[in-house]
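Structure, as structure tokens:
As a basis for the values below, the full set of heavy atoms in this structure was taken, side chains included, without hydrogen atoms, waters or symmetry mates.
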Amino acid sequence: MCDLSKRRGVLSMGPHTLQVPTELFALNRRRLVEALKKDNSDSLVLLQGGDEVSFYDTDTTYNNFRQESYFMWAFGVTDAGCYGAVDVKTGETHLFIPRHPEEYAVWMGPLAKCDDFSKKYNISKVYYVDQLSTILKGLNRAKILTLKGINTDSGLTAKPASFEGIENFSVNDELLFPIIADLRVYKTEHEIKVLKYVCAVSSYAHRQVMKKIKPGDFEYQGEALFLQLCYEKGGCRHVSYTCICGSGVNGAILHYGHAGVPNDSYIKDGELCLYDMGANYYGYAADITCTFPANGKFTPDQKLIYEAVLNANKAVQKAMKPGVSWVDMHVLANRVMLEDLKKGGLLQGSVDEMLDAGLAAIFQPHGLGHLMGLDVHDVGGYLKGQPERPQKVGVNKLRTARILQKGMVLTVEPGCYFIDPLLDKAFADPTLKKFLVPSVIERFRNFGGVRIEDDVVVTENGIEDMTKVPRSVQDIEDWMSGKLEESTFLDCEKSFVW
Ligand code: GLY
Ligand code: MN
Ligand code: MN
């Protein structure tokens with residue numbers, strides 16, 4: 001079962017893809033032990049990995065199993081049905097794998113042995129799941145720490161590990177969550193390398209989509225090309241979320257692409273495309289949005305809105321550094337965009353007053369961006385002891401209000417959308433209506449929207465943008481017409497033979 005062509009201590013999808021060291025996950029475990037040992041030395045952390053889920057009542061599973069993120073963070077194991085334990089006292093790791101019936105070998109391939117897993121994941125102590133009780137008893141720690149806590153993006157609760165016989169142990173399911181969630185907020189150098197890679201793969205695929213898509217295509221044809229390139233060239237078998245590929249008016253549907261509107265519109269000449277797509281490599285996500293004209297040339301109105309959003313994006317990237325509040329960055333993006341919309345004739349009056357009145361949320365109903373890592377909307381946004389969710393309209397949509405620190409990875413994704421129900425609401429509200437120039441706003445009713453989403457890592461003094469796609473109006477037009485060379489964007493992709 002263990003592919004011996006693969007190097008021990010390294011996970012990869014082939015020599016043309018990034019070699020991910022298992023040390024990435026070993027380091028995460030050491031950080032966890034370090035964080036726990038002062039107050040909880042006599043304990044064991046126990047995490048349960050994800051299981052394959054049946055597709056309704058059929059004998060197939062939801063295709064393409066993806067590991068649960070906390071488990072992935074700690075063990076780097078991509079197989080389903082596993083558990084992992086970390087002994088806080090000794091730092092030792094114990095992996096538990098499913099013991100399959102003999103018939104498994106007929107349908108699914110050779111029965112996995114503990115030794116195979118040990119080699120593949122570079123974890124010396126591997127047992128079967130049915131040995132969990134016995135092994136954990138033998139370790140004789142005062143308590144087992146399992147993971148329970150609310151994901152502040154989804155509102156859902158992480159399911160604590162459970163196994164037959166767990167009732168015979170002293171279990172604490174509260175202690176671990178805030179500690180491990182906070183560790184996940186700060187990315188190590190190993191993790192940043194993987195994130196840079198998955199951003200490079202996604203950027204590459206976005207660039208090809210921009211070039212290939214033309215009026216007359218269906219939106220999903222861009223999605224298809226993106227999926228194919230991320231997998232074929234980058235070894236990314238997963239994407240981090242369902243691709244959002246809106247053209248024209250669909251660009252204003254924030255979560256377009258779901259089953260009801262599966263990127264199935266015809267792209268018309270003169271429309272903008274808003275493509276929000278991100279690959280996933282060994283669990284790590286990218287989340288990039290490109291907005292571009294389907295025919296390769298911006299109209300003056302498209303340029304006006306696009307540049308308002310781009311200026312907001314650039315202003316934020318310039319201001320980001322350790323110590324800066326993410327809430328302030330959101331307000332900065334709003335301010336820059338509103339100023340440009342005023343200059344463009346869509347708005348009138350004082351921008352300060354517009355901000356006070358909450359006008360920005362009419363045009364950008366979502367937050368400026370979010371933490372990103374193993375989850376596209378990564379954990380740790382609102383942990384105890386950190387700034388709480390702001391109440392004011394607009395900023396209340398932020399997925400985190402944290403103060404930026406080195407090692408955080410976030411998206412910067414200002415947007416400007418013309419969403420009918422929100423525009424109607426603004427026109428019906430005297431405190432907002434006074435800022436709108438009706439004759440100009442009406443011109444944009446079926447415009448759709450613009451979002452420019454970059455993935456950045458906070459460094460010692462600022463940020464590094466991991467996104468490598470054409471961004472200015474000129475660069476997009478030059479890229480789409482073939483004037484701009486691929487080599488302009490290669491940077492961290494140089495070592496990969498795409
Ligand atoms: N792709 C989802 C988001 O931008 O947050
Ligand atoms: Mn996105
Ligand atoms: Mn995003």
Side-chain angles (χ1 to χ4, degrees), residues 1-31 49 64-80 82 84 93 95 97 109 112 115-124 126 183-184 186-205 226-240 278-288 372-376 378 407 409 455 457 464 466-468 486 489-498:
M1 109 110 208
C2 189
D3 180 353
L4 294 176
S5 69
K6 297 198 167 162
R7 278 192 292 142
R8 191 179 174 124
V10 169
L11 302 171
S12 94
M13 292 293 279
H16 61 292
T17 65
L18 185 73
Q19 313 296 296
V20 179
T22 53
E23 167 59 18
L24 183 158
F25 308 101
L27 174 59
N28 286 345
R29 294 193 294 275
R30 291 201 298 277
R31 292 173 68 212
N64 226 347
F65 170 77
R66 213 171 108 197
Q67 188 55 273
E68 191 278 327
S69 300
Y70 283 100
F71 190 83
M72 191 67 196
W73 181 88
F75 302 102
V77 170
T78 52
D79 302 69
C82 300
T93 301
L95 181 66
I97 64 169
D115 193 40
D116 298 324
F117 269 75
S118 180
K119 285 193 189 108
K120 184 171 170 187
Y121 295 114
N122 213 10
I123 293 174
S124 57
V126 183
L183 287 171
R184 277 182 58 187
Y186 301 94
K187 274 66 182 178
T188 65
E189 287 304 318
H190 290 307
E191 289 179 300
I192 290 168
K193 210 166 161 192
V194 184
L195 285 162
K196 280 187 179 166
Y197 174 75
V198 79
C199 285
V201 172
S202 305
S203 297
Y204 168 81
F226 183 85
L227 297 174
Q228 187 241 323
L229 290 174
C230 290
Y231 197 4
E232 182 199 335
K233 306 290 185 189
C236 301
R237 199 175 188 206
H238 300 98
V239 280
S240 302
N280 187 291
Y281 192 67
Y282 283 96
Y284 285 89
D287 180 10
I288 294 173
M372 196 189 80
L374 279 166
D375 292 321
V376 60
D378 214 16
V409 170
D455 300 339
V457 53
E464 183 181 344
M466 303 185 286
T467 318
K468 307 290 173 196
E486 177 74 17
F489 302 103
L490 286 184
D491 268 14
C492 63
E493 298 157 37
K494 276 194 209 98
S495 49
F496 305 104
V497 278
W498 304 335

Can you tell me how far the [atom1] atom of [X] sits from the [atom2] atom of [Y], to the nearest 0.5 Å?
| X | Y | atom1 | atom2 | answer |
| --- | --- | --- | --- | --- |
| Ile192 | Cys199 | CD1 | SG | 11.0 Å |
| Lys196 | Glu189 | NZ | CD | 7.5 Å |
| Arg184 | Asp378 | CZ | CG | 5.0 Å |

[X] side chain near [Y] side chain, heavy-atom distance below 4.5 Å:
| X | Y | answer |
| --- | --- | --- |
| Ser118 | Arg8 | yes |
| Val20 | Phe25 | yes |
| Tyr282 | Val198 | no |
| Tyr121 | Leu11 | yes |
| Asn28 | His190 | no |
| Val126 | Lys120 | no |
| Tyr284 | Met72 | no |
| Glu191 | Val409 | no |

Just jot down the salt bridge (charged side-chain N to carboxylate O under 4.0 Å, His left out) partners of [X], sequence neighbours excluded, or say none.
| X | result |
| --- | --- |
| Arg237 | none |
| Arg66 | none |
| Glu232 | none |

#### Entry: side-chain contact (heavy atoms from CB on, under 4.5 Å) evaluation trace for Thr78 with Phe65
CA-CA 8 Å; Thr78 52; Phe65 170 77; over 6 Å; no

Of all the heavy-atom pairs spanning [X] and [Y], show the shortest one and how long it is.
| X | Y | answer |
| --- | --- | --- |
| Leu95 | Phe117 | CD2-CD2, 4.1 Å |
| Gly84 | Phe71 | N-CE1, 3.3 Å |
| Phe226 | Ala205 | CD1-CB, 3.4 Å |
| Ser202 | Cys230 | CA-SG, 4.4 Å |
| Ala112 | Ile97 | O-CD1, 4.3 Å |

Is a side-chain N or O of [X] found less than 3.5 angstrom from the main chain of [Y], in a donor-acceptor match?
| X | Y | value |
| --- | --- | --- |
| Ser240 | Ala279 | yes |
| Tyr204 | Gly234 | no |
| Gln19 | Gly14 | yes |
| Thr467 | Asp455 | yes |
| Lys187 | Met372 | yes |
| Thr22 | Val10 | no |
| His238 | Asn64 | yes |
| Asp287 | Val376 | no |

Checklist entry - Between Arg30 and Glu23, does a salt bridge (Lys or Arg N to Asp or Glu O under 4.0 Å) hold up when you go through it step by step? => result CA-CA 10 Å; Arg30 291 201 298 277; Glu23 167 59 18; 2.6 Å; yes

Practice item. Determine, stepwise, if the pair Leu24 / Val194 fulfils side-chain contact (heavy atoms from CB on, under 4.5 Å). Key: CA-CA 10 Å; Leu24 183 158; Val194 184; 3.7 Å; yes

key: Val201/Tyr281 under side-chain contact (heavy atoms from CB on, under 4.5 Å): CA gap, chis, key distance, verdict   = CA-CA 9 Å; Val201 172; Tyr281 192 67; over 6 Å; no

Q: Apply side-chain contact (heavy atoms from CB on, under 4.5 Å) to Gln67 and Phe75, showing your working.
A: CA-CA 10 Å; Gln67 188 55 273; Phe75 302 102; over 6 Å; no

Self-check item: Donor-acceptor side-chain pairing of Thr17 and Tyr197 below 3.5 angstrom
Solution: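 Tyr197 and Thr17 do not have a side-chain donor-acceptor pair below 3.5 Å.
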
